[in-house]
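Below is one structure, written out as structure tokens; the observations come after it.
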Amino acid sequence: MNIKDYVTIKEAAELLGVDKTTLRRWDKAGKLKPHRHPLNKYRLYKRADLERILKGIENG
């Protein structure tokens, strides 16, 4: 796991323009898969996954 390929929930929410609670709901619904930081177990999101979501929004 290269930590530079991931962003925190706060950064992901800002990038997508949604609230952190929205990301948590998407996690529960299976729309977005969070990864866990190996030391503190916080949610991390792959930059590539977020970029795919953004492209889908732009093309949708």
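Please read these numbers as outputs of a predicted model, since none were measured by experiment.
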I'd like to check [X] versus [Y] (side-chain heavy atoms, cut-off strictly below 4.5 Å). Are they in contact?
X	Y	answer
Tyr45	Asp27	yes
Leu44	Ile9	no
Trp26	Leu16	yes
His37	Ile3	yes
Leu32	Leu23	yes

Tell me if a side-chain donor or acceptor on Glu14 pairs with a main-chain N or O of Glu11 at a distance below 3.5 Å.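 No; judged by distance alone, with no hydrogens or angles, the pair does not exist.
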
Would you please test Val7 and Leu15 for side-chain contact (heavy atoms from CB on, under 4.5 Å) and show each step? CA-CA 10 Å; Val7 296; Leu15 182 66; 5.7 Å; no

Taking all non-hydrogen atoms of both residues, which atom of [X] and which atom of [Y] are closest, and how far apart?
X	Y	answer
Arg47	Lys4	NE-O, 3.0 Å
Lys33	Asp49	O-OD2, 4.4 Å
Ala13	Asp19	CB-C, 4.1 Å

Quick check for you: to the nearest 0.5 Å, what is the distance between Arg43 atom CZ and Arg36 atom CZ? 5.0 Å

